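Only one structure is covered here, and it is reproduced in the block below.
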Amino acid sequence: MERAPFTVLVERLEHAFSLAVRKLAADLAKEEIGLTKPQFFILNLLSKRGKCTVSELADEMFVKPSAITTMIDRLYKSGFVLRERDEEDRRVVYIQLSEKGRHMLQHARAERRKIIERYLSQLQLEELEQFVHIIEKIVATNEKEEK
């Protein structure tokens with residue numbers, strides 16, 4: 001029995017995407033950017049949101065607050081984040097980027113971008129434009145479905 005062309009393409013995409021993500025993740029991990037993937041994610045999130053509580057970070061990362069607390073402790077000891085108690089409720093602690101953390105994040109982003117550019121440089125400009133358009137279209141479709 002012949003499989004439908006759509007199914008074959010989906011299987012090819014699954015396989016190619018899985019390989020590409022694993023290879024890219026391995027290359028990103030090999031680079032000495034000074035941050036683990038979760039640390040990068042936390043710093044990146046803080047740079048976008050300003051300051052967050054541990055619970056907010058845990059929700060974003062789909063982990064328990066205790067796991068975030070350990071990561072925040074390391075980032076704090078490295079001088080990458082600051083802790084600030086809420087004036088009205090002293091039990092609430094806000095986490096925000098320090099200036100050192102901002103510089104580290106800029107460095108990490110630049111290193112990650114170099115690696116990604118190396119991968120994407122295999123494409124012609126027109127192919128890259130199509131690729132980006134397709135990814136944006138998929139994301140837009142998923143965002144519509146979530147609403």
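Excluded from the calculations below are hydrogen atoms, water molecules and symmetry mates; all remaining heavy atoms, backbone and side chain alike, are included. Position 1 is the first residue of the sequence; numbering continues from there. Source: prediction; values computed, not measured.
Closest approach of Gly79 to Lys100, counting heavy atoms only: O-CB, 3.4 Å.
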Working for salt bridge (Lys or Arg N to Asp or Glu O under 4.0 Å), residues Asp59 and Lys64: CA-CA 8 Å; Asp59 288 345; Lys64 294 181 180 180; over 6 Å; no
Derivation of the side-chain contact (heavy atoms from CB on, under 4.5 Å) call for Ile68 and Ile42: CA-CA 9 Å; Ile68 294 294; Ile42 288 171; 4.3 Å; yes
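Counting non-hydrogen atoms of other residues, nucleotides and ligands closer than 6.0 Å to CZ of Arg74 gives a total of 12 or fewer.
Between the side chain of Thr69 and the backbone N or O of Pro65, at least one donor-acceptor pair lies under 3.5 Å. With hydrogens and angles disregarded, no donor-acceptor distance shorter than 3.5 Å links the side chain of Glu111 to the backbone of Ala108. Side-chain atoms of Gln39 come within 3.5 Å of backbone atoms of Thr36 as a donor-acceptor pair (strictly under, hydrogens ignored). In terms of modelled atom types and a separation under 3.5 Å, the side chain of Ser98 and the main chain of Leu82 share no donor-acceptor contact. Counting only distance, with no hydrogens or angles, the side chain of Ser121 and the backbone of Arg118 share a donor-acceptor pair below 3.5 Å. Between the side chain of Gln106 and the backbone N or O of His103, no donor-acceptor pair lies under 3.5 Å.
Leu125 CG to Gln130 CD: the interatomic distance, rounded to the nearest 0.5 Å, is 10.5 Å. In this structure, CD in Glu117 is found 12.5 Å from CD in Gln122, a value given to the nearest 0.5 Å. Expressed to the nearest 0.5 Å, how far CD of Glu60 lies from CG of Leu46 amounts to 10.5 Å. Atom NZ in Lys23 sits 11.0 Å away from atom CG in Leu19 (nearest 0.5 Å). Taking CZ of Phe80 as the start and CE of Met104 as the end, the distance is 3.5 Å to the nearest 0.5 Å. In this structure, OH on Tyr119 lies 3.5 Å from CG on Asp27, to the nearest 0.5 angstrom.
Within the 4.5 Å cutoff, the side chain of Asp73 has heavy atoms near those of the Arg83 side chain.
Residues Val63 and Tyr76 share a single hydrophobic cluster, defined by chaining ILVMFWY side chains whose heavy atoms lie under 4.5 Å apart. Clustering ILVMFWY residues whenever any of their side-chain heavy atoms sit less than 4.5 angstrom apart, transitively, puts Leu43 in the very cluster that holds Phe41. Grouping the Ile, Leu, Val, Met, Phe, Trp and Tyr side chains by contacts below 4.5 angstrom, directly or via other members, places Ile116 with Ile135.
At a cut-off of 3.5 Å, with distance as the only test, a side-chain donor of Ser47 or Arg109 sits close to an acceptor on the other residue.
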List, one per line, each side-chain donor-acceptor pair under 3.5 Å for residues 88-96, sequence neighbours excluded.
unit_1: Asp89; atom_1: OD1; unit_2: Arg91; atom_2: N; d: 3.1
unit_1: Asp89; atom_1: OD1; unit_2: Arg91; atom_2: NE; d: 3.0
unit_1: Asp89; atom_1: OD2; unit_2: Arg91; atom_2: NH2; d: 3.0
unit_1: Tyr94; atom_1: OH; unit_2: Asp86; atom_2: OD2; d: 3.2

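Remark: Ser78 engages no residue in a side-chain hydrogen bond (donor to acceptor under 3.5 Å, both in side chains) (not counting sequence neighbours).
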